Protein chains: 2
Amino acid sequence: MRSYGQYCAAARALDVVGDRWSLLIVRELLLRDCRFADLRTGLPGIATNLLTDRLRALEGAGVLERHAAPPPVATVLYRLTDRGRALEGVLAELALWGVADMARGAEGDVVCGHWVALAAPVMFRGADLAALAPLTVALDAEGTAITLTVEPDGIRAALGAPEGPADVHLAGTMHAVMGTLLGAPGAEGLAQVDGDREALRRLAARSTAPLGLRG
Amino acid sequence: MRSYGQYCAAARALDVVGDRWSLLIVRELLLRDCRFADLRTGLPGIATNLLTDRLRALEGAGVLERHAAPPPVATVLYRLTDRGRALEGVLAELALWGVADMARGAEGDVVCGHWVALAAPVMFRGADLAALAPLTVALDAEGTAITLTVEPDGIRAALGAPEGPADVHLAGTMHAVMGTLLGAPGAEGLAQVDGDREALRRLAARSTAPLGLRG
DNA sequence: CTGCATCCGCTTCGATACTG
DNA sequence: CAGTATCGAAGCGGATGCAG
């Protein structure tokens, strides 16, 4: 990206990650290490040459590293460095601000279930969940498995099904799953809930998301 | 901006503020309401047509409002809405991440003293300042007056000189001022300090900034 | 002066085709 | 699968002009 040429902390950050697509690449890599093809499917619409350019630029800036994967995969994996992982706060704040826009639904937008893993922790940031923890929620958003771990001071999200048994299972479209987590009226009817329904309801009641889906 | 077309909270946010310059416009307006010309000087390098475009887009997105200023000014002021002010967290996280880049100095970059008002609170986020508060620091960064108010759980920054007397006065280039606030070795010699030098030193010792300037 | 429109050269983006 | 090459479209930056 063309530098803003300003001696300002925010502008310096945007010099590195302010390019179109750059922060969304970081979003994907925050959830898991990715191959080139994984990034393509997680970033629907990106041109391959742009993805190549961005990966090179972010590698040059020390945000991510190319990593030769062991024999079973036998290809290059892209992985965030510590410096890149430090962008988690930026993505979280963006997601927090953007959640208000999610109420209007997906409309024509592409939906990937794994994006819930970014939004879910954000919707409960600062919430007091001590009375609920420990709690394991197994999500199935648009067919993608995500495990939410409710801890006293927040929620952690990981891709994949939980290793042990889950207290609640919540499945449905991304909109239904998010709405249910936020306790939006009517949302629970759109999703499929199994297990400790009541714990899920108490969790939703403690959401700190700013507006929007909670209607 | 062309929409990413993704039903993801972060992508939805970037649909609104992901354009070049957009977040920097918000940065300026977080510090004060601005006229068109104020924005131009606070955003060195922006083309006037782009500024016009961005202002219209952000107004349409509900991020800012045009506001007819009373007779003494007699022009339009641009002001953030509540929705726009909610972007403070995004700017703060960006600044936090970008502070690490400030160590290499301004090089050829334009410097505006008022940008310190964004960085200063960020450099002490989460710090325990109870032993220091209340403390008022009068900054003069590149000739721009900024008031830092040290409170038990963090620092607030405002443009302009303090209303009452300040405990410490700190003046110098932006690099020197930031370095002194962070306790970078040698930085204090580059800045001019008057008043409670020791309080300033104790403040610097509690900075939570992640690296960089602290050397 | 303020706020904006218009023009132009250049860079970047997006879509698709193609190669190792 | 992991990119590279290409090309038209869109966006950016800078200069200039102009109405209120």
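By convention in this document, chain letters (A, B, ...) are assigned in the order of the sequence lines, proteins followed by strands, and residues within each chain are numbered from 1. The structure presented is a predicted model; accordingly, all values stated were derived computationally and were not measured.
Ion pairing of B/D38 with B/R35 is present here, as a side-chain N (NZ or NE/NH1/NH2) and a carboxylate O approach within less than 4.0 Å. Salt bridge annotation for A/R104-A/E107: present, with a cationic side-chain nitrogen under 4.0 angstrom from a carboxylate oxygen.
Residue B/A47 is in base contact, counting any heavy-atom pair closer than 4.0 Å across all strands shown. Counting non-hydrogen atoms under 4.0 angstrom, B/R40 reaches nothing in the nucleic acid.
A distance-only check finds a donor-acceptor pair linking the side chain of B/S207 to the backbone of B/M123 [under 3.5 Å].
The shortest distance between the side-chain N/O atoms of B/R54 and the OP1/OP2 oxygens of C/dC4 is not below 4.0 Å. Distances shorter than 4.0 Å separate some side-chain N or O of A/T75 from OP1 or OP2 on D/dA2. An OP1 or OP2 oxygen of C/dT2 is reached within less than 4.0 angstrom by a side-chain nitrogen or oxygen of B/R35. Listed pair B/R56 / C/dA5 meets the phosphate criterion, a side-chain N or O lying under 4.0 Å from OP1 or OP2. Between A/Y78 and the phosphate of D/dG3, there is a side-chain N or O to OP1/OP2 separation shorter than 4.0 Å.
For A/T48, the side-chain atoms get nearest to D/dT4 when compared with the rest of D/dT4, C/dC13, C/dG3. Proximity note for A/N49 (side chain, C-beta onward) versus C/dG3, D/dT6, D/dG13: the nearest is D/dT6.
Spacing between atom CZ of A/R2 and atom P of D/dG13 amounts to 6 Å, rounded to whole angstrom units. What separates CG of B/L50 from P of D/dA10 is a distance of 17 Å, to the nearest Å. Separating the CZ atom of A/R20 from the C1' atom of D/dG11 is a distance of 11 Å, rounded to the nearest angstrom. Spacing between atom CG of A/L77 and atom C1' of D/dA2 amounts to 13 Å, rounded to whole angstrom units. Taking atom CG on B/D53 and atom C1' on D/dC12, their separation rounds to 10 Å, with Å as the unit. The nearest whole Å value for the distance from the CG atom in B/L55 to the P atom in C/dT2 is 15 Å. Whole-Å rounding puts the B/L51 CG to D/dA15 P distance at 16 Å. B/W21 has its CH2 atom 6 Å from the P atom of D/dG13, to the nearest Å.
Under the 6.0 Å distance and 45° angle rule, A/R20 counts as a cation-pi partner of B/Y4. A cation-pi contact, defined as under 6.0 Å to the ring centre and within 45° of the axis, is absent between B/R12 and A/W97.
Each of A/R66 and B/I46 has a nearest nucleotide on DNA chain D; the 5'-most of these lies closest to A/R66.
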